[in-house]
Amino acid sequence: MADTVLKGFASLPADTFASGPPSGAFITGSTNDRPVPFLGQPVQGFSGVQIADDSTFWFLSDNGYGAKTNSADYLLRIHQVDPSFRGFEVGGDGSVSLSGFIQLADPDQKIPFKIVNEGTSERNLTGADFDVESFVIAADGTLWVGEEFGPYLLHFDASGKLLDAPIPTPNYPGFAQLNTLNGQPPLVLGHRGASGELPEHTLEAYKLAILRGADFIEPDLVATKDGVLIARHEPILGGTTDVAC
C-alpha cells in the first residue's frame with residue numbers, strides 16, 4: 001500500500017464568525033471560556049465540501065451545537081472558503097479566508113411542519129429544523145442536501161431557496177433500490193445511534209438503532225482529562241447528563 005503524504009495544510013480558527021444575529025443563547029455546559037451568545041454566526045463545524053472554482057470551496061456547516069434543543073439560533077449555511085495551503089500553494093501561509101455564504105431558507109413554505117423562523121418572510125433554516133450532513137451541486141446548479149433528523153433530502157436553488165418539500169428517505173426494505181459495487185444489500189450505519197430520535201451516544205440510542213435494523217453503530221470517542229475514552233461527539237456532557245463541565 002502506498003504511503004499517503006500530506007501536500008498542504010490550512011486551518012480555520014475556531015473563533016471564526018460570519019455576519020448574522022447572535023447565536024448560542026441555548027448552549028448549556030462548557031463553552032471553553034467563550035461568552036455566549038456569540039455576536040455572530042459560527043462558521044466552523046463543516047460536514048460537507050464541494051469545489052466552487054479553481055481556488056475556493058463550498059463548505060456546508062453542520063446543524064450547530066450538537067442537538068435540536070441548543071441550535072435554534074444557528075443558521076444553516078454553505079460557506080465559500082479560500083484556504084491558503086501551506087506547502088502546496090506558492091506563498092501559502094496556512095490561513096483561510098471567507099468569500100461569502102449561501103443562506104438556506106424556505107420562503108415559499110415548502111416545509112410541511114413548523115420551523116423556528118415560522119412567522120418570518122425569509123424563513124431562514126436553523127439547526128433545530130434540520131441536521132444537514134452532506135450536499136452535492138447538480139448539473140443545473142441546484143443544491144441537494146442530505147440531513148439526519150428526517151432523514152430527508154432537501155432541494156435548494158443556487159441562492160439557497162428550498163424548491164420542494166423535504167423528501168423523506170425512510171430506512172425500510174422496498175423504499176429504494178440501492179445499487180452497490182458488489183451487488184449485496186447496502187450496510188446501514190447508526191450514526192451515534194438513533195440520533196434523530198433519542199439523545200446521541202446513549203445506550204438507549206444505540207439500542208433503538210439496532211432495533212431499527214442498523215448493521216453497525218458509529219460511536220465517536222473523546223478522552224477525559226484523566227485519559228479515559230468515552231463515547232461522545234464533543235467533550236460536553238450537559239446534553240445527556242446532569243454533569244456540569
Side-chain angles (χ1 to χ4, degrees), residues 11-49 56-83 95-111 113-135 143 145 147-149 152 154 156 159-162 166 192 195-196 199-200 222 232-245:
S11 63
L12 180 74
D15 294 313
T16 301
F17 299 89
S19 61
S23 179
F26 305 106
I27 298 175
T28 59
S30 173
T31 58
N32 293 322
D33 297 325
R34 271 73 168 179
V36 290
F38 306 116
L39 297 181
Q41 290 290 316
V43 175
Q44 73 282 5
F46 298 137
S47 60
V49 59
T56 67
F57 301 84
W58 291 112
F59 277 95
L60 174 69
S61 288
D62 211 323
N63 81 310
Y65 305 108
K68 288 184 177 182
T69 54
N70 60 15
S71 301
D73 56 7
Y74 186 102
L75 297 178
L76 300 183
R77 293 172 170 178
I78 300 176
H79 296 272
Q80 190 170 10
V81 177
D82 183 4
S95 64
V96 177
S97 61
L98 304 177
S99 304
F101 59 83
I102 298 170
Q103 172 65 55
L104 303 182
D106 179 33
D108 295 339
Q109 301 186 36
K110 300 291 186 179
I111 298 171
F113 51 82
K114 286 187 177 181
I115 61 174
V116 170
N117 292 315
E118 181 74 23
T120 67
S121 58
E122 298 87 356
R123 288 171 56 88
N124 289 334
L125 299 177
T126 74
D129 303 316
F130 296 106
D131 184 3
V132 290
E133 293 290 345
S134 60
F135 78 109
L143 309 170
V145 176
E147 80 86 49
E148 288 190 329
F149 286 159
Y152 297 111
L154 306 175
F156 298 91
S159 72
K161 182 178 75 172
L162 191 65
R192 307 176 197 164
S195 56
E200 63 187 31
V222 296
R232 297 292 300 169
H233 181 57
E234 66 286 298
I236 299 173
L237 301 178
T240 55
T241 76
D242 58 359
V243 175
C245 299

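Keep in mind that the numbers below use all heavy atoms, side chains included, and drop hydrogens, waters and symmetry copies. Here the structure is a predicted model, which means the values were calculated and not measured.
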**Q** What are the two closest heavy atoms between P107 and K161, and how far apart are they?
**A** CG-CG, 3.5 Å
**Q** Start with the C-alpha gap between F135 and S47, add the side-chain angles, then the distance that decides, and say whether side-chain contact (heavy atoms from CB on, under 4.5 Å) holds.
**A** CA-CA 9 Å; F135 78 109; S47 60; over 6 Å; no
**Q** Who pairs with Q80 by side chain to side chain contact (heavy atoms under 4.5 Å, CB included), at least two apart in sequence or on another chain?
**A**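 Q80: side chain to side chain contact (heavy atoms under 4.5 Å, CB included) contacts with A52, D53, T56, W58, S99.
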**Q** Taking only residues two or more places apart in sequence or in another chain, which ones pass salt bridge (charged side-chain N to carboxylate O under 4.0 Å, His left out) with R192?
**A**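 R192: salt bridge (charged side-chain N to carboxylate O under 4.0 Å, His left out) contacts with E200, D220.
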**Q** The criterion is side chain to side chain contact (heavy atoms under 4.5 Å, CB included); which residues satisfy it with T120, sequence neighbours excluded?
**A**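 With neighbours one apart ignored, the set is N117, E122, R123.
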**Q** If every non-hydrogen atom of S71 is compared with every non-hydrogen atom of G66, which pair is closest and at what distance?
**A**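 Looks like OG-N, 4.0 Å.
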**Q** Please evaluate residues F156 and V145 with respect to the criterion side-chain contact (heavy atoms from CB on, under 4.5 Å), reporting the C-alpha separation (whole Å), side-chain torsions for both, the decisive distance (0.1 Å), and the verdict.
**A** CA-CA 8 Å; F156 298 91; V145 176; 3.9 Å; yes
**Q** Pair F130, L125 - check side-chain contact (heavy atoms from CB on, under 4.5 Å), show working.
**A** CA-CA 8 Å; F130 296 106; L125 299 177; 4.1 Å; yes
**Q** Going by side-chain hydrogen bond (donor to acceptor under 3.5 Å, both in side chains), name the residues that satisfy it together with N63, two or more places apart in sequence or in a different chain.
**A** none
**Q** Taking salt bridge (charged side-chain N to carboxylate O under 4.0 Å, His left out) as the test, write out the residues that go with D73, two or more places apart.
**A**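 Partners of D73 by the salt bridge (charged side-chain N to carboxylate O under 4.0 Å, His left out) criterion come out as none, since no residue qualifies.
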**Q** Taking only residues two or more places apart in sequence, or in another chain, which ones meet K68 in a salt bridge (charged side-chain N to carboxylate O under 4.0 Å, His left out)?
**A** none
**Q** Please name all residues satisfying ring-ring contact (aromatic ring centres under 6.0 Å, His included) with F149, sequence neighbours left out, ordered by chain then number.
**A**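 In terms of ring-ring contact (aromatic ring centres under 6.0 Å, His included), with neighbours along the sequence ignored, F149 is linked to no residue.
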**Q** Go through the structure and list residues passing salt bridge (charged side-chain N to carboxylate O under 4.0 Å, His left out) with E133, not counting sequence neighbours.
**A**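 Expected list: none.
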**Q** Going by side chain to side chain contact (heavy atoms under 4.5 Å, CB included), name the residues that satisfy it together with N70, two or more places apart in sequence or in a different chain.
**A** F26, Y65, A67
**Q** Using modelled atom types only, decide if a donor and an acceptor are shared between the side chain of D106 and the backbone of L162 within a distance under 3.5 Å.
**A**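 Looks like no, no N/O pair under 3.5 Å.
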**Q** So, the side chain of Q41 versus the backbone of P21: is there a donor-acceptor pair under 3.5 Å, distance only?
**A**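 Yes; judged by distance alone, with no hydrogens or angles, the pair exists.
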**Q** Which residues pass the ring-ring contact (aromatic ring centres under 6.0 Å, His included) test with F38, not counting sequence neighbours?
**A** F17
**Q** Donor-acceptor check, side chain of E147 to backbone of L154, threshold 3.5 angstrom: yes or no?
**A** no
**Q** Using the test side-chain hydrogen bond (donor to acceptor under 3.5 Å, both in side chains), find all partners of S159 that sit at least two apart in sequence or belong to another chain.
**A**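 By the side-chain hydrogen bond (donor to acceptor under 3.5 Å, both in side chains) rule, S159 matches D157.
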**Q** Should D62 and D131 count as side-chain neighbours, where that means a heavy-atom distance under 4.5 Å?
**A**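 They are in side-chain contact.
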**Q** Tell me every residue that passes side chain to side chain contact (heavy atoms under 4.5 Å, CB included) with S97, counting only those two or more places apart in sequence or in another chain.
**A** D82
**Q** How close do Y74 and P42 get, heavy atom to heavy atom, and via which atoms?
**A**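 It is OH-O, 3.6 Å.
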**Q** Any idea which heavy atoms bring R77 and A18 closest together, and the distance?
**A** NH1-CB, 3.7 Å
**Q** Could you check whether any side-chain N or O of S61 sits under 3.5 Å from a backbone N or O of V43, counting only pairs where one atom can act as donor and the other as acceptor?
**A** yes
**Q** Could you go through the side-chain contact (heavy atoms from CB on, under 4.5 Å) check for L143 and I102 one step at a time?
**A** CA-CA 11 Å; L143 309 170; I102 298 170; 4.3 Å; yes
**Q** Can you name the closest pair of heavy atoms from S23 and G40 and give their distance?
**A**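 Shortest heavy-atom contact: CB-O, 3.5 Å.
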**Q** Specify the closest pair of heavy atoms between T16 and Q44, including all atoms of both residues, with the distance to one decimal.
**A** O-OE1, 3.3 Å
